[in-house]
Structures are given as structure tokens and as C-alpha cells.
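In each ligand, atom 1 is the first atom listed, and ligand 1 is the first ligand listed. Remember, it's a predicted structure, so these values are computed and weren't measured experimentally.
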Amino acid sequence: MDYRSRRTMPAHRRVSSTLSVSSRDSDPPGPAVPTNITVSIRLKPGGPSPLSSPSQAQVQAGPVWPTTATTIAVPDVGVFSFDNVFGAATTSPEVFAVVAKPVVNAVIEGYHGTIFAYGMTGTGKTYSMRGLANAPGIIPLAVADIFGQVSFATTNISVSYLEIYNEHVKDLLNPAVAADSLKLYDSPDGLVRIRNLRCVRVATMQELNDLITQGDLARRTEGTEYNAVSSRSHAILQIFLEKSEPLTRATSTTVLSLCDLAGSERAATDIERRKEGAYINRSLLALGTIIARLSAAPATAAAATTTTTTTTDGSRGGTSSNGGGSHDHIPYRDSKLTRILQHSLSGGALVSVLCTIDTHNPAKQALGETINTLRFAARAKNVAITPARAIVTASAAAGSAAANAVIESLRLDLERERAETEILKAELAEVRKQAYERKIREQENYDREKRELELQRDALKDRVTQLTRLILGGGGGGGGGSDKLRPTTINTELDRYKTRVEELERKLAHSQISTSSLSSPLSSSASSSTDLLLHQKLHSAEAEIKELREYLADKDRMINVLKRASSLGPTTTRTTTPGPDPAEYALRPLHGSTINRHAENPAAAAHGDTTPLANPKLRRSVK
Ligand SMILES: Nc1ncnc2c1ncn2[C@@H]1O[C@H](COP(=O)(O)OP(=O)(O)OP(=O)(O)O)[C@@H](O)[C@H]1O
């Protein structure tokens with residue numbers, strides 16, 4: 001099928017126009033370059049109350065702005081050119097025939113297809129997609145069309161229905177399932193699917209319509225200034241057609257995605273609504289960017305179908321996808337909306353965007369929003385707006401109203417930026433809170449390290465005392481503690497030992513960092529320098545501990561030598577001690593605990609008793 005030549009305007013849509021329109025500034029007017037993207041505008045009928053079934057009698061005289069079948073002229077702004085512009089009198093079946101029918105056909109024939117409804121709240125997106133009981137919209141008409149065309153002998157139909165609210169997915173067919181468990185993944189059939197999302201196989205049209213109605217009831221709606229039941233989420237209904245070839249047993253899955261996007265309005269006073277609006281706009285921005293990029297590329301002839309070969313034992317074989325092409329640079333992951341629709345927004349798929357506007361809404365803000373919708377549509381179609389001078393303005397009053405609308409539109413842009421800034425602020429506050437908590441944890445670590453350092457210092461002090469006792473009591477050979485009897489080398493060692501303890505004391509005193517120096521989560525400026533200081537001090541304390549441990553090991557060896565010397569008697573000690581055994585130096589473990597025991601019981605030391613000391617604190621500090 002060549003779906004690129006599908007757009008034949010119905011007779012009622014062909015209205016004459018005197019306005020000059022073109023797809024680009026520099027191009028002469030002429031047929032648009034065919035692409036896979038169709039962009040249409042639908043004008044909402046005027047009137048104070050919603051119209052349940054539009055007819056010529058109900059519809060007001062017409063739009064405020066001049067339109068043709070493909071253009072809409074906004075005084076002082078420019079002429080917007082699209083594939084279709086549907087006036088207020090156009091019925092939903094007529095819209096379906098032009099906007100949706102070619103996409104449905106393409107999906108049945110083996111392409112992915114997506115239809116979007118986009119526009120300000122209250123302009124008729126849901127009306128266009130779902131319609132009313134007596135005026136069915138695109139979704140029920142598409143369902144009927146599919147069931148009228150496909151053969152159940154070769155095709156399975158299944159459906160999923162979800163909404164995206166503040167970037168969280170909700171399963172509309174299973175609202176109880178936790179949003180966290182709905183994880184997006186690249187499925188082997190080439191589609192982006194959602195783990196734990198209910199996907200129901202249906203056998204009849206009634207079954208499918210019942211599921212859609214069930215999903216509609218679960219949708220999130222809030223009252224807005226323009227719509228008492230405004231949809232504040234994007235709703236995506238996906239109908240999967242799994243076709244199997246009876247001979248080869250190869251299967252192919254194509255998907256029709258029908259998306260009712262959340263209202264695009266930007267201004268809101270309520271914080272929650274503003275945040276909501278910022279999320280909505282962020283995803284719409286991502287969508288607009290992707291569609292615009294696809295629009296810039298010429299139509300590809302390749303079908304978007306992903307074919308999966310099923311072997312005779314039912315296991316999946318190789319998967320080949322010819323619809324995606326190389327589109328690594330397209331930012332599908334910028335939002336859940338674009339990620340879920342990734343394969344349907346690829347070069348080989350068919351996309352139809354229906355933008356709804358209400359030109360009768362007198363509010364300045366609504367005028368600005370309408371212009372923004374037209375801008376989105378123009379961007380999606382990748383067309384330039386013909387400069388305003390080409391427009392025959394209706395009246396000076398209309399001109400100044402439009403100028404005000406442009407100002408309003410810019411003001412709304414600013415408000416959108418503000419709303420997004422609020423999201424960023426909330427995220428920043430969260431980051432600061434986490435940084436503060438991390439700092440508290442680091443302070444606790446530091447305190448712990450400090451306590452350990454103090455224990456080591458105490459242990460060293462003990463050692464000095466014990467060493468002194470040992471030397472005076474055992475090492476001196478019963479000389480009653482006389483200085484004359486102490487070997488000079490041991491005196492020197494003892495002095496050095498004491499010096500180290502003093503040094504350690506000084507270091508500990510110096511490295512005190514008070515908890516009060518920690519900054520609060522809201523004042524971030526000083527935090528990084530405090531962090532740095534803290535880290536430096538901890539590192540130097542660690543190095544100091546390491547050094548002390550080595551020093552301690554030396555002392556242990558020295559004490560062992562002394563013990564052995566003292567067991568040989570005073571004269572022998574001074575004159576014939578053969579010196580430390582190198583093997584003992586290399587193999588004996590540290591016996592910090594042994595020293596303490598020996599201090600309490602020099603006799604045990606004299607007999608080389610190395611039973612570990614029961615004091616766990618000390619044992620830990622010198623291990
Ligand atoms: N073309 C139309 N003909 C008749 N009535 C319409 C048309 N478009 C919209 N309406 C009516 O206008 C009201 C608002 O429309 P709808 O709920 O479809 O807006 P929406 O764009 O989906 O809003 P939101 O984004 O807030 O959900 C509804 O009562 C609907 O029936």
C-alpha cells in the first residue's frame with residue numbers, strides 16, 4: 001500500500017481560499033512533500049454550552065480567523081499551513097475518514113500507526129478521540145473498522161490501556177497495580193512494552209469496547225478553568241494486531257496507538273497544577289521535537305512491522321525490524337510518552353496529529369494557548385509560518401487582539417518556564433537534603449574514627465607504662481629501678497615512644513571538628529569546603545594510625561627481646577645477649593595484649609607467656 005497518496009480531501013472539505021499559503025517561507029505554493037506525518041486542525045464549534053451532536057443548525061457562524069481546507073490565518077501572526085483544517089461543522093466520522101482511517105489501514109497492512117489528539121484543555125481532544133454515545137469519535141470508529149477488516153483466522157487482537165501522569169504509568173485496565181512495578185523494556189518483538197501492564201486478548205468488538213470503557217472510568221481528571229473534567233494525563237490505548245502466516249508460521253505484530261494527550265495549557269495558580277502542567281509540557285515538548293525530526297525526513301517506504309519467526313516447537317526465533325532505521329539521535333527517552341511510542345514514532349511508522357482549538361474562547365489566555373497549539377502543530381509538520389504581512393486582516397480590532405494574543409502567548413511561555421523551574425527547585429531541595437544526610441553520616445564516621453584513635457592513644461600510653469615497668473622491674477635485672485642499670489638504647493626508645501604518644505595527643509586535639517560546623521540543607525555554599533576539610537583530616541588520622549601500628553610492632557619486638565634478656569640475668573643481659581633472633585622478628589605476631597598481662601605479672605612475661613589479654617577494647621585497638 002502506498003499510504004503516502006492516501007489523503008484525498010472529501011468534497012465538503014474543499015473550500016476555496018484567496019490566501020497565499022506554502023509549506024515553507026521560500027517555497028512556492030504547491031503540493032507538500034509527502035511524509036509519514038499528517039497534521040490536522042479541528043476547530044471547536046462556538047456556543048456557550050457543549051454541543052452533544054454538532055449539526056449545521058447548532059454550529060455558530062464560523063471561526064473568528066479565516067481558514068481554508070489546509071490553512072488558518074491568524075491576524076498579525078501569520079498563516080499556518082497544515083494537511084487539513086477542519087471547520088466547526090465537520091463531524092467526527094468525517095474527521096475519522098481523513099485523520100484516522102489511513103492509519104488504521106496501514107496498521108492492518110503491516111505498519112505501526114499512531115494518532116494523537118493535542119490541544120488546550122476543553123477544546124475537544126476527548127470529544128474527538130472518544131466522542132459521545134450518539135457521536136462516536138476516532139477510537140470507537142477505529143475499533144469498528146478493525147473488526148470489519150481483519151480475519152480472525154490469521155490475526156489475534158489484544159489491547160492495553162494506560163495513562164501517564166507526572167511521568168508515572170498507570171494501568172487503566174488494572175488500576176490496582178503499583179506504578180513502580182510497571183517497567184518499560186525493549187521487547188523481543190521490537191516494541192517497547194511495559195512489564196506487568198495488562199494486555200488483554202479480545203475476540204469481539206464488544207469485549208474491546210467494554211475494556212476501553214472500563215479504562216476510561218479509571219482515568220485521572222481534574223477540574224480546570226475551562227473544563228470541569230479535564231484530563232491531566234496522557235492516555236494511550238494500544239491495539240495490537242498479531243498476524244501469523246499459516247505456511248511459514250512467521251508472526252508479525254503491528255500496533256495502533258490512540259493517544260488522548262493531556263491539556264497543553266500552561267498557566268495555573270495552584271502549585272500542584274503547575275507541577276502537573278510542567279510535566280505535561282515537558283513530555284509534549286519531547287513529542288513535538290521527535291515528530292518534527294521525523295517530519296523533516298522524507299517518507300520511507302519500509303513497513304514498520306517487526307517480524308518474529310516462530311519455530312515449530314513454538315520458541316521464538318530471530319527478530320528483525322525494518323521500521324526503525326538509524327534513529328539513535330532521536331531523544332525518545334526524554335519522556336515516558338515518547339519512549340512507550342518509540343517504535344511507532346520511527347521513520348517507517350505512520351503518525352497523525354489532530355490539534356483541537358477553540359477560536360471562540362474570548363479569554364486572552366485561551367487565545368495565547370490557541371496560538372501555541374498552532375505553533376506546536378506547525379513545528380510537528382516542520383513548516384514555516386508565512387509571515388503576517390501576507391494576511392488580509394479582518395479588521396484593525398482583530399489585529400490588535402491578535403497582537404495581544406501573541407503577548408499572551410509569550411507570557412504563557414514564561415509561566416511554563418516558571419513551572420519547570422519549580423520542579424527543578426523541588427529536585428534541588430531533595431539533592432541538598434540527601435547531601436546533608438550524607439554529611440551527617442560522614443560526621444558519625446569521623447567520630448567513630450576519632451574514638452578509635454583515642455583508644456589507640458590510650459593503648460600506647462599503657463604500653464609506655466608497661467614498658468617502663470618491665471624495664472625497671474625485669475629488664476634491669478632486679479636493680480630496683482636504678483637509672484644506672486638501664487641500657488641507653490632502651491631509654492632512647494622509651495623517650496621516642498613517649499614523644500609519639502604526645503604527638504598523637506596533639507593530632508587528636510587538632511582534628512576536632514565540631515558538629516556545629518555542618519551546614520543546613522538549605523545553605524549549600526560552605527558544605528563542599530567543610531566536606532573537603534573533613535576528608536583531609538580523616539585521611540591524615542588514618543595515616544597516623546597506620547604509622548603508629550608499625551611503630552607498635554617494633555616496640556613489641558623490642559619488648560620480647562627485653563623479656564628474653566631479663567630471663568638470662570643482669571650481667572648476661574648487659575654483656576652476652578646475642579641480639580634478636582631474625583626468625584622471631586619475622587614470624588611472631590604482635591602481642592600488645594601480652595604486654596599488659598606481663599605488666600600485671602612480670603613472671604609470666606619472663607616465661608614468655610603470650611596468652612591474649614581479655615580486654616577486647618585494647619585488643620581491637622592494636623590489631
Ligand atoms: N467538535 C465538537 N463538537 C461538539 N462538542 C464539542 C466538540 N469539541 C468539544 N466539545 C465539547 O466540549 C467539551 C470539552 O471537550 P473535551 O472534554 O473533549 O475537551 P478536552 O480537550 O479533552 O479537554 P481536557 O484536555 O481538559 O480533557 C465537552 O463537553 C465536549 O463534548
- Of the choices Lys44, Arg219, Met129, which has the non-hydrogen atom that lies closest to atom 12 (O) of ligand 1? Lys44

- Task: Could you tell me which non-hydrogen atom of His234 sits nearest to which non-hydrogen atom of Arg219, and how far apart they are?
- Result: C-NH2, 4.2 Å

Side chains of residues 172-179: which donor-acceptor partners sit under 3.5 Å, not counting sequence neighbours?
none

- Applying a strict 4.0 Å limit to heavy atoms, is Thr123 in contact with ligand 1? yes

- Query: Numbering the atoms of ligand 1 from 1, which are under 4.0 Å from a heavy atom of Lys125?
  - Reply: 18 (O), 19 (O), 20 (P), 21 (O), 22 (O), 23 (O), 24 (P), 25 (O)

- Once the angle between the rings of His112 and His343 is folded into 0 to 90°, is it parallel (under 30°), tilted (30 to 60°) or perpendicular (over 60°)? perpendicular

- Judging by distance only, is a nitrogen or oxygen of Tyr127 under 3.5 angstrom from one on ligand 1? yes

- Item | cation_pi(Arg42, Tyr127) dist<6.0 Å, angle<=45 | no

- Message: Quick test of your reading of the model: are Asp260 and Arg130 salt-bridged, counting only N-O distances below 4.0 Å?
- Response: no

- Measure Pro45 to ligand 1 on non-hydrogen atoms and call it side chain, backbone, both or neither using the 4.0 Å cut-off. side chain

- Message: Closer than 4.0 Å to some heavy atom of Thr126 - which atoms of ligand 1 meet that?
- Response: 18 (O), 20 (P), 22 (O), 27 (O)

- Message: Under 4.0 Å from a heavy atom of Met120: which atoms of ligand 1 are those, numbered in the order shown and with their elements?
- Response: 21 (O)

- Item | Under 3.5 Å donor-acceptor, Lys125 side chain and Ala117 backbone | no

- Message: With respect to Gly124, determine whether any N or O atom, backbone or side chain, lies less than 3.5 Å from an N or O atom of ligand 1.
- Response: yes

- Are any side-chain N or O atoms of Asp334 and backbone N or O atoms of Ala286, one a donor and one an acceptor, separated by less than 3.5 Å? no

- Message: Considering both backbone and side-chain atoms of Leu132, is one of its nitrogen or oxygen atoms within less than 3.5 Å of a nitrogen or oxygen in ligand 1?
- Response: no

- Item | Enumerated ligand 1 atoms positioned under 4.0 Å from heavy atoms of Thr121 | 23 (O), 24 (P), 25 (O), 26 (O)

